[in-house]
Structures are given as structure tokens and as C-alpha cells.
Amino acid sequence: MSKKTDDIADLYKQYLMPTYAPAVALVSGTGSKVVDIDNMQYIDLTAGIATLACGHCHPEVIKAIEAQARNLVHSSNLYYNTNMVLLAQRLSKLSGGYRAFFANSGAEANENMVKIARLWGSTHGGRYEVITFNKGFHGRTLAMCAATAQEKIQKGFDPMPIGFAYADYNDLASVKAALSNKTVAIMLEPVQAEGGVIPATPEFIEGVAALCKEHDLLLLMDEVQTGMGRTGTFFAWEQLGVKPDMFTLAKALGGGLPLGACLARPDLSDLLHPGALGSTFGGNPVACAAALAVLDVIEKEGLLDHAKKMGALLQEGLEALMESYPQILEVRGRGLLIGMQVEGSAKEIVDSCRMGGVLCCTAGEHVVRFLPSLNITEKDLEEALEIISDSLDEVFG
Ligand SMILES: *Cc1c(COP(=O)(O)O)cnc(C)c1O
């Protein structure tokens with residue numbers, strides 16, 4: 001580490017709670033290229049952990065943020081917010097009629113989704129329990145820690161809020177075993193992301209949807225990471241042939257600004273009334289302006305198709321490396337959400353890639369996760385693959 005990075009690291013240690021372990025200090029970015037405080041360049045295959053669908057500092061997103069910031073930065077939900085209304089309309093068109101509630105983060109969007117499910121359950125047999133999945137991830141608020149069936153997320157924070165039961169992903173029998181007369185909903189990620197990039201099998205999703213029908217349960221999908229085109233369709237559920245009763249978006253929704261949304265079927269939305277849910281900053285005009293620009297860019301630049309193509313290229317590129325490195329056990333994912341399961345430490349590979357000039361991240365101990373911007377160029381991707389290959393050589397070679 002050089003002087004400038006060292007200095008920031010010292011200040012960080014002194015003034016921040018040690019909840020993260022940052023490695024470098026990024027100061028600027030364009031597209032999929034970023035630069036750190038010591039002027040080192042990287043190809044960014046994390047995209048702010050799936051938040052920057054159109055890459056760093058896309059001119060249209062910046063323009064929208066700047067223009068809105070000049071007019072009105074915040075007005076509160078006491079007053080109409082045009083951008084929020086327009087964004088809800090766009091999301092309704094894209095999803096086929098869901099209504100929106102806006103929040104600031106993925107966890108907050110999920111909290112509200114679970115609250116609406118409980119509201120529905122209160123008049124449907126007094127049911128409140130939501131089945132979630134081992135290795136899932138739904139956020140860090142207390143209730144979402146409880147929804148996140150991972151020991152490392154819950155440990156030390158007991159007692160967990162009640163109202164969640166756990167099942168194994170892609171295992172319908174375990175879902176049946178978790179059912180009780182209190183079950184109101186089943187909540188899942190279409191691809192378990194943080195938990196190791198594990199896509200749901202079509203049979204599993206069909207089975208879950210059938211169970212929901214049979215037992216009068218709501219099907220809730222957490223599309224915080226998979227939504228906004230990440231998997232090659234606007235919502236991952238479009239590829240599954242199953243429509244959720246509610247789903248959430250966040251990460252890429254606000255183009256890098258904090259914005260989350262819970263989308264619900266109109267009849268579920270009808271259960272609410274003014275005051276039922278709320279959020280001071282939820283749907284802030286600047287964040288919604290950024291979101292509208294992100295949607296424009298995705299459409300204008302054909303980023304869904306591009307994400308599919310680049311995803312296939314990345315997947316093939318990583319699979320090709322399996323021949324040289326038997327320590328790569330599997331490459332899997334959907335679109336531009338790809339995981340590489342390795343023998344040994346994923347973090348070691350991530351560190352080595354970073355030193356070579358590629359940013360990627362982990363998804364658990366043994367999975368390296370790649371989630372580039374949807375508009376990453378073929379050239380950047382090929383360059384990144386070469387650096388990844390060199391890094392693997394260093395770690396495994
Ligand atoms: C990141 C993530 C969350 C949490 O989002 P925050 O904005 O950090 O609260 C929830 N669910 C999934 C699937 C995520 O990837």
C-alpha cells in the first residue's frame with residue numbers, strides 16, 4: 001500500500017466502526033474503469049455490488065441527478081413527488097401492473113414487503129410466518145437478519161425477531177417440512193447472490209408456486225440484486241415463468257443513489273392506507289430522477305441483450321480457465337451475475353485480481369462473484385479475463 005491509501009486506512013481505523021474491510025480508496029470512474037487515490041486503474045467487475053447498471057458516472061444519469069438537485073433535493077411525502085409517480089408508472093409498465101412503495105435500501109424494501117404480507121395474513125387466518133432459505137440474504141435490519149438464514153449474519157444479535165422459518169433452497173421437500181398453520185408467505189431470491197450465486201432451478205420455482213397456490217400463501221421475491229436487468233431480463237422472475245405476489249428492488253434501481261422499492265399486486269396494495277407504511281427519504285426526488293435515467297439508458301442502449309451477451313462471454317471465459325485450473329470447481333449464474341466456485345480461499349483470488357487491476361468480490365468463502373455493469377464493453381471484459389487468468393496463475397500456479 002502506498003502513502004495515500006495508508007493514510008486513509010489509518011483515519012478509517014481511528015474514526016469508523018470496523019464493520020468493513022476496504023482495500024483501496026476509489027476516487028473516480030467512467031464506465032467499467034475506476035481509479036484509486038494512488039492513481040492505480042482497475043476494471044470494475046463489482047459495479048458497486050450490482051448497483052451501477054449503467055457503469056460509473058454515465059452522462060445521462062449524472063445529468064438527471066444534477067438537474068433535479070438544482071430544482072428540489074427533497075420535499076418529503078407530505079407532497080406529490082413527480083419523479084416518484086413517473087418511476088412507479090415505469091415500473092408498473094415493466095412488471096405488468098404492480099404498485100410501488102419506495103424505500104431507501106434493500107433491507108427496508110424487504111421489511112415493507114414482509115409487513116404487507118403480515119397485513120394480508122392478519123385477515124387470512126392470523127398467519128404471519130415467512131419461510132426463507134438457508135444461504136439466502138435479505139439485509140441487515142433486525143427482522144431481515146432473522147429472514148437471512150446464515151449464522152454469520154445472526155450470531156451475537158439474539159434474540160432474533162420471530163416470524164421466520166427456514167428451508168433449503170432448491171429442495172421442495174424441505175419447504176413442505178417448514179410449512180405450518182402460521183405460514184403466510186415464501187420469500188426467496190431468484191438467484192441466491194451473497195450466499196454463493198446459486199440459481200433456482202425451474203422445477204423448484206414451479207414447485208414453490210404450486211405450494212403457494214395449494215396453501216394460500218404469498219410468493220415474495222427479493223430481486224434487490226437480481227433485478228434491473230442483472231440476469232438479462234428486467235426482472236429475474238420473467239425467466240422463471242412464475243409471477244410473484246410481491247417483489248423488491250434496490251441496488252441498481254437508483255443508479256448508485258440509495259433507493260429501494262417494494263412492488264405489490266394491486267389487491268395487496270389496497271390493504272394499505274395513508275400512514276400504514278412510511279419512510280422520510282423513501283423515493284427521494286433525486287434518487288427517483290436517477291432511476292428514471294437508468295431505465296432510459298437500459299432501454300436506449302439495449303442493455304438487457306448486451307448483459308446476456310456479455311454474461312455468456314464472461315461465463316465462457318471463466319469456464320475456459322477450468323482447463324488450466326482444476327481448482328475451479330464450477331462457474332454458474334444468470335446474465336451478469338456469475339459465481340466461480342473454487343477450492344480454497346475466494347478472498348485470496350479477489351485480492352490477487354485487485355493487485356493485477358481487476359475488482360471482483362466474494363460470495364461466501366469459496367465463491368468469487370462477478371457483477372459488472374450491464375454496459376461493460378467486450379474489450380474491458382476480455383482484458384479483465386486476462387488479468388483474472390494471471391491472478392489464478394499466481395494463486396494456484
Ligand atoms: C444487498 C441485498 C439486500 C440488502 O440491501 P441493502 O440495500 O444493503 O439493505 C437484500 N437482498 C438482497 C438479495 C441483496 O443482494
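Because only heavy atoms are used, hydrogens play no part in the values below, and waters and symmetry mates are left out as well, while side chains stay in. Order of appearance sets the numbers: ligands from 1, and atoms from 1 within every ligand.
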**Prompt:** Is the gap between the ring centers of F235 and Y98 under 6.0 Å?
**Reply:** no
Side chains of residues 280-301: which donor-acceptor partners sit under 3.5 Å, not counting sequence neighbours?
{"from": "N284", "atom 1": "OD1", "to": "V286", "atom 2": "N", "distance (Å)": "2.8"}
{"from": "N284", "atom 1": "OD1", "to": "A287", "atom 2": "N", "distance (Å)": "3.1"}
{"from": "N284", "atom 1": "ND2", "to": "V73", "atom 2": "O", "distance (Å)": "2.9"}
{"from": "N284", "atom 1": "ND2", "to": "H74", "atom 2": "ND1", "distance (Å)": "3.3"}
{"from": "D296", "atom 1": "OD1", "to": "R90", "atom 2": "NH1", "distance (Å)": "3.1"}
{"from": "D296", "atom 1": "OD1", "to": "R90", "atom 2": "NH2", "distance (Å)": "3.0"}
{"from": "K300", "atom 1": "NZ", "to": "E60", "atom 2": "OE1", "distance (Å)": "3.2"}
{"from": "K300", "atom 1": "NZ", "to": "E60", "atom 2": "OE2", "distance (Å)": "3.1"}
{"from": "E301", "atom 1": "OE2", "to": "H58", "atom 2": "NE2", "distance (Å)": "2.9"}

Ligand 1 N/O to protein N/O, distances under 3.5 Å:
{"from": "ligand 1", "atom 1": "7 (O)", "to": "G106", "atom 2": "N", "distance (Å)": "2.8"}
{"from": "ligand 1", "atom 1": "9 (O)", "to": "G106", "atom 2": "N", "distance (Å)": "3.4"}
{"from": "ligand 1", "atom 1": "9 (O)", "to": "A107", "atom 2": "N", "distance (Å)": "2.8"}
{"from": "ligand 1", "atom 1": "11 (N)", "to": "F137", "atom 2": "O", "distance (Å)": "3.2"}
{"from": "ligand 1", "atom 1": "11 (N)", "to": "D222", "atom 2": "OD1", "distance (Å)": "3.3"}
{"from": "ligand 1", "atom 1": "11 (N)", "to": "D222", "atom 2": "OD2", "distance (Å)": "2.7"}
{"from": "ligand 1", "atom 1": "15 (O)", "to": "Q225", "atom 2": "NE2", "distance (Å)": "2.6"}
{"from": "ligand 1", "atom 1": "15 (O)", "to": "K251", "atom 2": "NZ", "distance (Å)": "2.6"}

**Remaining members of hydrophobic cluster (4.5 Å side-chain criterion), V197** = V191, L337, V367, L371
**Request:** Under the side chain to side chain donor-acceptor pair (under 3.5 Å) rule, collect the residues that match up with K347, sequence neighbours excluded.
**Result:** D351
**Asked** Using the benzene-type ring in the case of Trp, are the ring centres of Y12 and Y20 under 6.0 Å apart?
**Response** no
**Message:** Counting only heavy atoms from other residues, nucleotides and ligands, does the tally under 6.0 Å from CD of E365 exceed 12?
**Reply:** no
